[in-house]
Amino acid sequence: MARGKLRIHLGAAPGVGKTYAMLSEAHRRVERGTDCVVAFVEHYDRPRTAAMLHGLEEIPRRQLDHRAAVLTEMDVDAVLARSPRVALVDELAHTNVPGSRNAKRWQDVDELLGAGIDVISTVNIQHLESLGDVVESITGVRQHETVPDEFVRRADQIELVDMSPQALRRRMAHGNIYAPDKVDAALSNYFRPGNLTALRELALLWVADRVDEYLKQYRSEHRVSAIWGSRERIVVGLTGGPEGRTLIRRAARLAEKGAGGEVLAVYIAGGDGLTSASPKELAVQRTLVEDLGGTFHHVVGDDVPAALLDFARGANATQIVLGSSRRKAWQYVFGPGVGATVARDSGSDLDVHIVTHEEAAKGRGLPVARGALLGRARIMWGWAVGLAGPPLMTVLLGTVHLGLANDMLLLLTVTVAAALLGGLLPALASAALGSLLLNYFSTEPLHRWTVADPKNIVAIVIFVGVGVSVASVVDLAARRTHQAARLRAESEILSYLAGNVLRGETSLEALLERVRETFGMESAALLERGDHLAPWTCAGRVGAGPPVERPEDADVDVPVGDRLALALTGRVLPAEDRRVLAAFAAQAVVVLDRRRLQEEADQARTLAEGNRIRTALLAAVSHDLRTPLAGIKAAVSSLRSDDVAWSEEDRAELLEGIEDGADRLDHLVGNLLDMSRLQTGTVTLIIRETDLDEVVPMALGGVPAGSVTLDVPETLPMVAVDAGLLERSVANLVENAVKYSPHGTPVLVSASALAGRVEVRVVDRGPGVPDDAKERIFEPFQRYGDAPRGAGVGLGLAVARGFAEAMGGTLDAEDTPGGGLTMVLTVRAAEDRGAARPGLSTGLAPPTAGGRPQEHPAPPERQAS
């Protein structure tokens, strides 16, 4: 059976119209006669979306009992039995209720596809698994309902359903997405303009990358070698010289003029992997490219023009940017140069830009750090002169008789020329051949390999000695030049490493990547010696297939001390390269130590933060215990007074007040001591699944009756918190809000669910707090405005934030629309229940029964306090 096809409607946020677009596509297919059913679609009481369900066949949902509630999920068996041509399945990343056929809805969809059923589904960009960290950094919310990227990539069609942030917020304000009483909370949290813009950019870039992957796959399958200019890709050829910055900026300006322009900077190193450019300058240019949104690439190749063109065609580039040659005019006798060669061989599909700069025609001025002392072309010319020069000169001298002395000087000139061009070996060959020719054609007896006059023997020996001496000097000069260039390159690398040590800029992986690129290796790893169970452990690695078990498995290993070793694979390095490699290894150890010190510093910072919270907790005892102590003391003093004859009913009421105050003291002191022990590491935080409607009312016992309106829906997901700490946090927030709220205006305590978290909002209509003071009010001993000293010592909000952060939550202050201050306490929702309830992925829970907030009267037994 052929596998079904998957079509996904991808959106940046809830409410952009994914479900509406999916249902519109279903109606189009039904009109064409396609057998299309609704397997699972959630419309969340949105009128226009609900209206689109009319005329479509719906498969009844499966009902499941979970935590004393009846929940519904897609009935996979029913859909398979119905076997439609197309099935509509909403919310691809949804987590099914425990007891369902599969744990995730995308697994249900995969099963339908395997049965040959085409599926149309929807998903938001924040639910892709690889973007979890990015979305959390943008919105502050960790998405627990995710779908693997690979499953979405395998979709046959991905359609982006897009809407501008402004239009989406207008839809929200008009009540087209959520109920009116949930609009303010949504607009001030998840649906902020910045959040929506960032999520929209993620969605657009993700879809663009998928389109690019499809294009590359098509070109590969159809063997398309020609460059398609569907997207401007500009390759910048770098030499490591100072003109590289000008070229990068010029390429960035060219890329801005095209749709989706991309800049790829590439440096071509020699076949030995060692760079002839300044590593420091290359590092600066790499940073500049990345800051401008491009990428930096390090390629190894002996033929620079060919390597550059191969890279450009492999990346489907449309333009190449090169700088004007820095060679002087006379140097062009050795060849046309890289720019001219690339322009000649680029063909009609690549545009080559030659950019002028201040360094043009000023000479390269860079050391050539290559493995050979003399270039291949120069050595070949030396052998040609050394072998062909003496015979040609002998033939010329045979026509013009100048005497033995002149013949010897002319042949010596040829030997010196061979030495200057090719070094020692061509000069030795030229001297030997020239001496034989002199003996045979120019010394008595002629045309014989003997010498009659001893003086001629001395002359021939001097001739050979001068030739060998000149060749030795040339060879020594070449060696010293090579050593100087190599030492300069090594010193620049060491300077680059020393600068990174001082600035602390290099991560371990970045340093290992630098090692791999510098020496042209396939992989690099830093291994650390462990115990007898695990002799070696990998502290960091880059490349394909690095050695992770022991250094002996690598092609090159450099021990660093007794416990560390730098291991590389790819080729065997010469001994002269190990000095620089040892410097890299030492730098890797420094980076590893710095990373561990940073981790220890982070732990110390966490301990210091815990100490600060613990200090605030201890100082808060006098503040939070004052009210119950005062009530107990007043009741005891009244009972002991002889001036009043108390009736049995009055005495019972006073004793009840004493008992209630003592219970509150016991509960509060127990929570404070538990939190104090938690900060010292002597007690474990008790995180349990708790219902808000059980905890929040308990926190309102100390406020006057009728001063608080409570709106906590019973359908909210359970939260993973410490119930005692949550109760104290809410009690402090409510007490603070009542204190500053106008008389006769109740404080609103509401709760809502949003993408794996639950928010408790304490809203007052008081004077509010300026933006620059919103963080200061959470510091210990801070009282805003002219609050009297009897109003407290200013620890309530500090303690509330400390409790919230201890539970993994947050506490922030926002302005109340229309005036006042809103405290937003965010805690994590319990994963199993939060994921099991349909509708939570929209970010809000339905309202309480009857659709109205419920006013919370103080319990009778607590009114006395």
Side-chain angles (χ1 to χ4, degrees), residues 139-142 178-179 181-190 671 687-703 707-741 746-766 774 777-778 796-817 820-830 833-834 837 840 843-848 853-856:
T139 64
V141 180
R142 182 69 181 185
Y178 296 147
D181 58 335
K182 307 298 182 181
V183 169
D184 289 340
L187 290 177
S188 60
N189 284 273
Y190 196 86
N671 288 336
I687 299 295
R688 294 177 178 172
E689 296 183 4
T690 307
D691 278 322
L692 279 180
D693 54 3
E694 296 177 0
V695 177
V696 174
M698 298 292 294
L700 308 182
V703 298
S707 60
V708 176
T709 299
L710 186 62
D711 180 19
V712 179
E714 295 180 356
T715 55
L716 282 176
M718 301 181 75
V719 293
V721 296
D722 186 301
L725 300 187
L726 179 61
E727 179 184 340
R728 289 308 307 157
S729 298
V730 176
N732 287 353
L733 296 178
V734 173
E735 180 183 351
N736 183 77
V738 172
K739 184 188 307 179
Y740 290 97
S741 188
V747 172
L748 174 62
V749 179
S750 63
S752 60
L754 176 64
R757 63 179 179 174
V758 175
E759 291 184 348
V760 178
R761 307 176 72 87
V762 181
V763 184
D764 68 63
R765 294 294 179 177
K774 282 187 172 63
I777 61 177
F778 292 104
L797 296 183
V799 172
R801 174 171 275 191
F803 285 162
E805 292 176 349
M807 295 182 293
T810 60
L811 177 59
D812 300 295
E814 299 178 355
D815 292 328
T816 301
L821 186 68
T822 298
M823 292 292 179
V824 182
L825 174 63
T826 304
V827 294
R828 292 179 293 108
R833 180 155 181 183
R837 292 176 180 266
L840 292 183
L844 292 172
T848 57
Q854 299 177 356
E855 184 175 287
H856 174 76

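Basis for what follows: all heavy atoms, side chains included, without hydrogens, waters or symmetry-related copies. Computed from a predicted structure; not experimentally measured.
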Ring-face cation contact, Phe778 with Arg801, 6.0 Å cut, 45° max
yes
Hey, are Lys739 and Asp764 close enough for a salt bridge, meaning a charged N less than 4.0 Å from a carboxylate O?
no
Could you walk me through whether Val734 and Val708 satisfy the side-chain contact (heavy atoms from CB on, under 4.5 Å) test, starting with their C-alpha distance in whole Å, then the side-chain angles of each, then the deciding distance to 0.1 Å, before giving a yes or no?
CA-CA 8 Å; Val734 173; Val708 176; 3.8 Å; yes
Kindly compute the distance separating CG (Asp722) from OG1 (Thr690), expressed to the nearest 0.5 Å.
8.0 Å
Asp693: partners by side-chain hydrogen bond (donor to acceptor under 3.5 Å, both in side chains), with sequence neighbours left out:
none
Compare every heavy atom of Pro713 with every heavy atom of Ala751, then report the nearest pair and how far apart it is.
O-CD, 3.6 Å
Are the side chains of Asp815 and Lys774 in contact, using a 4.5 Å heavy-atom criterion?
yes
Run the side-chain contact (heavy atoms from CB on, under 4.5 Å) check on Leu733 and Leu811 step by step: do they pass?
CA-CA 10 Å; Leu733 296 178; Leu811 177 59; 3.8 Å; yes
What are the two closest heavy atoms between Glu689 and Met718, and how far apart are they?
O-CE, 3.3 Å
So how far is it from Leu825 CG to Asn732 CG, rounded to the nearest 0.5 Å?
11.0 Å
CE/Met698 to CZ/Arg728 distance, rounded to the nearest 0.5 angstrom?
11.5 Å
side-chain contact (heavy atoms from CB on, under 4.5 Å) involving Thr826 - partner list, sequence neighbours excluded
Arg757, Glu759, Thr810, Val824
Could you check whether any side-chain N or O of Thr816 sits under 3.5 Å from a backbone N or O of Thr822, counting only pairs where one atom can act as donor and the other as acceptor?
yes
Can you tell me how far CZ of Arg828 sits from CE of Met807, rounded to the nearest 0.5 angstrom?
9.5 Å
Between Ala829 and Pro717, which heavy-atom pair has the shortest distance, and what is it?
CB-CG, 4.3 Å
